[in-house]
Novice: 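Take a look at the following structure, please.
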Amino acid sequence: MARKRSKYDPYDHLPQEDEAPAAPVLCWLCGRPTGKTIVWHHPVPKSRGGRDVVPMHSICQQTLIANFTNSELQRHGMEVAGLLDNPNVRKFVDWVANKDPDFTATIAKKQR
């Protein structure tokens with residue numbers, strides 16, 4: 001069986017990337033670890049000048065889109081606390097808290 005590293009490697013004392021387990025990425029809205037699929041969401045919509053992105057579950061992003069308009073999301077900015085004050089979002093986050101990271105479900109459409 002072949003060696004993974006040379007016995008003359010000058011960087012042998014440094015930890016290798018494959019040895020350190022990757023830290024789980026947490027969802028911006030619910031705080032649960034993300035699963036295989038990570039959605040990079042703009043908390044301030046791009047149409048409103050937002051550039052920053054945050055990791056989210058797809059179901060969490062769908063919930064935000066169903067409950068807020070772009071102008072409301074712009075007002076809240078990067079603060080999750082303001083979004084969690086909405087009773088529909090708080091109910092959703094409490095419901096999804098014990099679900100699997102890759103859990104998906106159908107989210108109700110926006111009511112106009």
Novice: Quick one: pull up CG in Leu64 and CD in Glu72 and give me the separation to the nearest 0.5 Å.
Specialist: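 Here the interatomic distance stands at 11.0 Å.
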
Novice: Side chain to side chain contact (heavy atoms under 4.5 Å, CB included) with Thr106: which residues, sequence neighbours excluded?
Specialist: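 Listed in chain order: nothing, the list is empty.
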
Novice: Could you pull out all residues at least two apart from Glu79 that satisfy side chain to side chain contact (heavy atoms under 4.5 Å, CB included)?
Specialist: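 Counting only residues at least two positions away or on another chain, Glu79 forms no side chain to side chain contact (heavy atoms under 4.5 Å, CB included).
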
Novice: Keeping to residues at least two apart or across chains, list the ring pair (Phe, Tyr, Trp, His ring centres under 6.0 Å) pairs with something in residues 69-109.
Specialist: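 Applying ring pair (Phe, Tyr, Trp, His ring centres under 6.0 Å) to every pair that reaches into residues 69-109, excluding sequence neighbours, yields Phe68-His76, Trp95-Phe103.
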
Novice: Is there a side-chain contact between Leu29 and Val89 in this structure, where contact means two heavy atoms from C-beta onward sitting under 4.5 Å apart?
Specialist: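 Leu29 reaches Val89 side chain to side chain.
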
Novice: Listing request: all salt bridge (Lys or Arg N to Asp or Glu O under 4.0 Å) pairs with a residue in residues 92-103, at least two apart in sequence or in separate chains.
Specialist: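 Every salt bridge (Lys or Arg N to Asp or Glu O under 4.0 Å) pair that includes a residue of residues 92-103, provided the two are not neighbours, is Arg90-Asp94.
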
Novice: Minimum heavy-atom separation for Asn70 and Ser47, please, with both atom names.
Specialist: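 Minimum heavy-atom contact is ND2-OG, 3.5 Å.
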
Novice: Is there a side-chain contact between Leu73 and His42 (heavy atoms, below 4.5 Å)?
Specialist: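 A side-chain contact under 4.5 Å is absent here.
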
Novice: Determine whether Ile59 and Thr104 make a side-chain contact, defined as any pair of heavy atoms from C-beta on separated by less than 4.5 Å.
Specialist: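 Ile59 does not reach Thr104 side chain to side chain.
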
Novice: Measure the NZ-CG distance between Lys91 and Leu84 for me, rounded to the nearest 0.5 Å.
Specialist: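 If I round to the nearest 0.5 Å, the distance is 15.5 Å.
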
Novice: Looking at residues at least two apart in the chain, or sitting in another chain, which of them share a side chain to side chain contact (heavy atoms under 4.5 Å, CB included) with Val39?
Specialist: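 Per chain and number, Val39 pairs via side chain to side chain contact (heavy atoms under 4.5 Å, CB included) with Ser58, Gln61.
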
Novice: When clusters are formed from ILVMFWY side-chain contacts under 4.5 Å, directly or step by step, what else is grouped with Leu26?
Specialist: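 Its cluster mates, by chain and number: none.
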
Novice: Which residues pass the side chain to side chain contact (heavy atoms under 4.5 Å, CB included) test with Pro24, not counting sequence neighbours?
Specialist: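 Expected list: Pro33.
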
Novice: Rounded to the nearest 0.5 Å, what's the gap from OG1 on Thr63 to CG on Leu83? Could you check?
Specialist: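 Rounded to the nearest 0.5 Å, the OG1-CG separation comes to 11.5 Å.
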
Novice: Kindly write out the residues that satisfy ring pair (Phe, Tyr, Trp, His ring centres under 6.0 Å) with His41, not counting sequence neighbours, or none if the list is empty.
Specialist: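 Here no residue qualifies.
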
Novice: Once side-chain hydrogen bond (donor to acceptor under 3.5 Å, both in side chains) is applied, what residue pairs with a partner in residues 25-40 remain, sequence neighbours excluded?
Specialist: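 Only Arg32-His57 qualify under side-chain hydrogen bond (donor to acceptor under 3.5 Å, both in side chains).
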
